[in-house]
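Remarks on the structure that follows.
In what follows, every chain begins at residue 1, and chains take the letters A, B, ... in the order their sequences are listed. Source: prediction; values computed, not measured.
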2 protein chains.
Amino acid sequence: MLTERREQLLRFIVDEYVRSAQPVASSAVVQRYALPVSSATIRNEMARLEDEGYIVQPHTSAGRVPSDKGYRYYVEALMRPQEPPAAIQQTIRHQFHQAAGETDEWAHLAAAVLAARLSYVSVVTAPHAAQTRLRSLQLVSVHDFVALLVLVLQETLVLQQTLTLDRPLSQAELAGVAAHLNSLYAGRTVDEIRAMQMEHRSFEAQTVHAALDLMESEEAESFGEAYLEGLRDMLLEPEFAQGDRMLALMDLLGRSNLDKAIPLARAAGDQPARPGEVTAIIGSEHPQDAMQQCSVVISPYGGPSGLRGAISVVGPTRMNYSRTVSMVRYMSGIMEELLDAYFG
Amino acid sequence: MLTERREQLLRFIVDEYVRSAQPVASSAVVQRYALPVSSATIRNEMARLEDEGYIVQPHTSAGRVPSDKGYRYYVEALMRPQEPPAAIQQTIRHQFHQAAGETDEWAHLAAAVLAARLSYVSVVTAPHAAQTRLRSLQLVSVHDFVALLVLVLQETLVLQQTLTLDRPLSQAELAGVAAHLNSLYAGRTVDEIRAMQMEHRSFEAQTVHAALDLMESEEAESFGEAYLEGLRDMLLEPEFAQGDRMLALMDLLGRSNLDKAIPLARAAGDQPARPGEVTAIIGSEHPQDAMQQCSVVISPYGGPSGLRGAISVVGPTRMNYSRTVSMVRYMSGIMEELLDAYFG
DNA sequence: AATTAGCACTCGCGGGGTGAGAGTGCTAAC
DNA sequence: GTTAGCACTCTCACCCCGCGAGTGCTAATT
């Protein structure tokens, strides 16, 4: 347990280091926060904080920098995240008002807004249902031997796939097949459709097979489409100024690794995993080496009919936790509101 | 006009510089290419090449580096791009065989293959029709007051948008409206539909309006979805080792600027613009400052019914033009073949 | 017991000097 | 036209050094 004064001091050090990205000196904190004690006293206190592992010094004659343990203490006990100012809330709500109805657009927009407000990388996954229900299916003739299968699933998710036909089929014939299959299967889940065990003739069988495959591969995804924004701004942070640091970050968050990064963040983040709750994973708390320089603030969100997604922000460990947590929490709330309003 | 020997020398210098990324010295070229003359002779010839602007030296005591004019001469007269080896062709064809029928997938795959083979950034736009034709339209009930409009356009392009309803409509009612509109408009272009000047009641009118808007905004795009790959590998090239160079490149090719970068490349590239032809734009030939360190190799491709797209590779001016041009040409051919096979 | 002034000590950083190495241009001979 | 030889130029890596920043310790003060 820390004394009152040492807590205070740790808070100052974190705030100051987040602001300046420079190790903070004893004299700097007495000056900036107009403390009624001398720098020598602060030095003594700093030595104690260092003994207990909350701060470290990069080298002998430098100021102090918070350790991951220090950040953790700060996040847990020191910071007081508060709601974004009303003006900003209104601006954000207005932006969402434009993108009515497209769940993927919401996620994309949420990522863009977070990135713009925080200058860190944000990753938002679109809402995704654990079990999907077929709303309707359509077959469209593209060419004599090629047809397009369009599936509309629960909650405006549209999937498509081309089918190569054994024999030419007209649009009318295709429509007939689609109508028949719709009458059988509309409103049902994969499991229900399988359970029905219907017999189908050649092309119908092919269609049903393709549709079930599509639905299953969709369900296999544990999240919807992921949107990443703000990489460029984050590269401007001083910790990534060197080329190699930058590369490491690109490797971590590059387009192709995104698929891997998400589940990782999630795996670490879903200890409480209750929708609406915000979790922070700080530096060395990450299981993967590559992320030990970064912190992640993550919040799952949920909506009606099992819709789930996650909002997360990745930044340097020296991030503004207070602002980040409050923005993530706020955006998570927005997503839940939207889902409720449209599908509730 | 260059003498035979100076041409040869220029070729060596380009080849060697592309390989090593180091200024090439007179002695280096006699050694590596076992020339029957001394380095002093080469120095004399180099001095002439420099007078005429084909090569430059970064500083007095360094070797020579090709200028943009030198690269241009090389591309125009010196290199002999040849088809990729049969084994590679087969591998690539095999990869495309997997992704049957999805035009966006083809484009994505083409970008990935180019990036992997060349280690430069590749940008491929999916095929896109100048004028689109409605194949069919479907309305799906999401919720009492929310419906989903799904448009299938010519060549497997699927668009969707949610509609907010004035009054609740059942799935059956929606299906009725869709059937009616399909019977009127299926197979027609935006212009044709507008010309028909049909009168519609409230919800039908809303649907038609939304559909036409979607189709028009689609037609307004001059290209389909763009896929960018290989950024990470290109960042490893020595010209981008410093942090600021890297940032500049990210700014140029970052996800958000992609929309802008494409038309730029295209605008510069469509002088001949005949499908299948390959154009190179080298360094300072770019109108925009930001690209003066880069070269672009670009080839439009075309298919039946006005489908168009472009394949391009962005690399440092010190790129392997021969390999790049041949790969771009080859991929362009592959795309045309695929389009013919599926929509011809 | 806590605080503080004073001071010696440590360390990183930037500037200037330097020597080696690379590569050229020129000159004179072939 | 070619080439050996050589002086010249320029970069780069290295080291040294002094400055400034900041600390830890000690002894005096409250």
> Are B:Arg11 and B:Glu7 close enough for a salt bridge, meaning some N to O gap below 4.0 Å?
Replying inline: no

>> Checking B:Tyr71 now: which residues fulfil ring-ring contact (aromatic ring centres under 6.0 Å, His included) with it, not counting sequence neighbours?
In response: B:Tyr321

> CZ of B:Arg48 versus C1' of C:dT24: gap in Å, rounded?
Replying inline: 17 Å

>> Whole angstroms only, please: what is the CE-C1' distance between A:Met46 and C:dT4?
In response: 16 Å

> Closest to the A:Ser38 side chain: D:dG24, C:dT24, C:dA5?
Replying inline: C:dA5

>> Between B:Thr317 and B:Gly283 (side chain of the first, backbone of the second, donor and acceptor by atom type, cut-off under 3.5 Å), is there such a pair?
In response: no

>> In this structure, how many angstroms lie between the C1' atom of C:dA1 and the CD atom of A:Glu45, rounded?
In response: 13 Å

> Do B:Ser39 and B:Ser27 meet the criterion of a side-chain donor-acceptor pair at a distance under 3.5 Å?
Replying inline: no

>> I want to check something: taking the side chain as every heavy atom from C-beta on, are B:Arg5 and B:Thr41 in contact at a cut-off of under 4.5 Å?
In response: yes

> For B:Arg43 and D:dC6, what is the distance between atoms CZ and P respectively, to the nearest whole Å?
Replying inline: 14 Å

>> Does this structure show an ion pair linking B:Glu239 with B:Arg245, if we count only N-O contacts that are shorter than 4.0 Å?
In response: no

> Under 6.0 Å from the CD atom of A:Gln89, do we count more than 12 heavy atoms belonging to anything else shown?
Replying inline: yes

> Between C:dT4, D:dT2, C:dT3, which nucleotide has the shortest distance from any of its atoms to the side chain of A:Val37?
Replying inline: C:dT4

> Expressed in angstrom and rounded to an integer, what is the separation of A:Ile42 atom CD1 from C:dA2 atom C1'?
Replying inline: 13 Å

> Can you tell me how far C1' of C:dC26 sits from CG of B:Asn44, to the nearest Å?
Replying inline: 9 Å

> Starting at CD of A:Gln57 and ending at C1' of C:dT10, how long is that distance when rounded to a whole Å?
Replying inline: 10 Å

>> Assess, by modelled atom type and distance only, whether the side chains of B:Asn320 and B:Tyr120 contain a donor and an acceptor separated by less than 3.5 Å.
In response: no

>> So if I take residues 13-35 of chain A and measure heavy-atom distances to DNA chain C, which residues fall below 4.0 Å?
In response: none

> With distance as the sole criterion, is a donor-acceptor pair present between the side chains of A:Tyr33 and A:Asp15 under 3.5 Å?
Replying inline: no

> How does each nucleotide of nucleotides 7-18 of chain D score, in 5' to 3' order, for protein heavy atoms under 4.0 Å: base (B), sugar-phosphate only (S), or none (-)?
Replying inline: --BBS-------

> Is A:Arg64 near enough to D:dG24 that one of its side-chain N or O atoms lies under 4.0 angstrom from OP1 or OP2?
Replying inline: yes

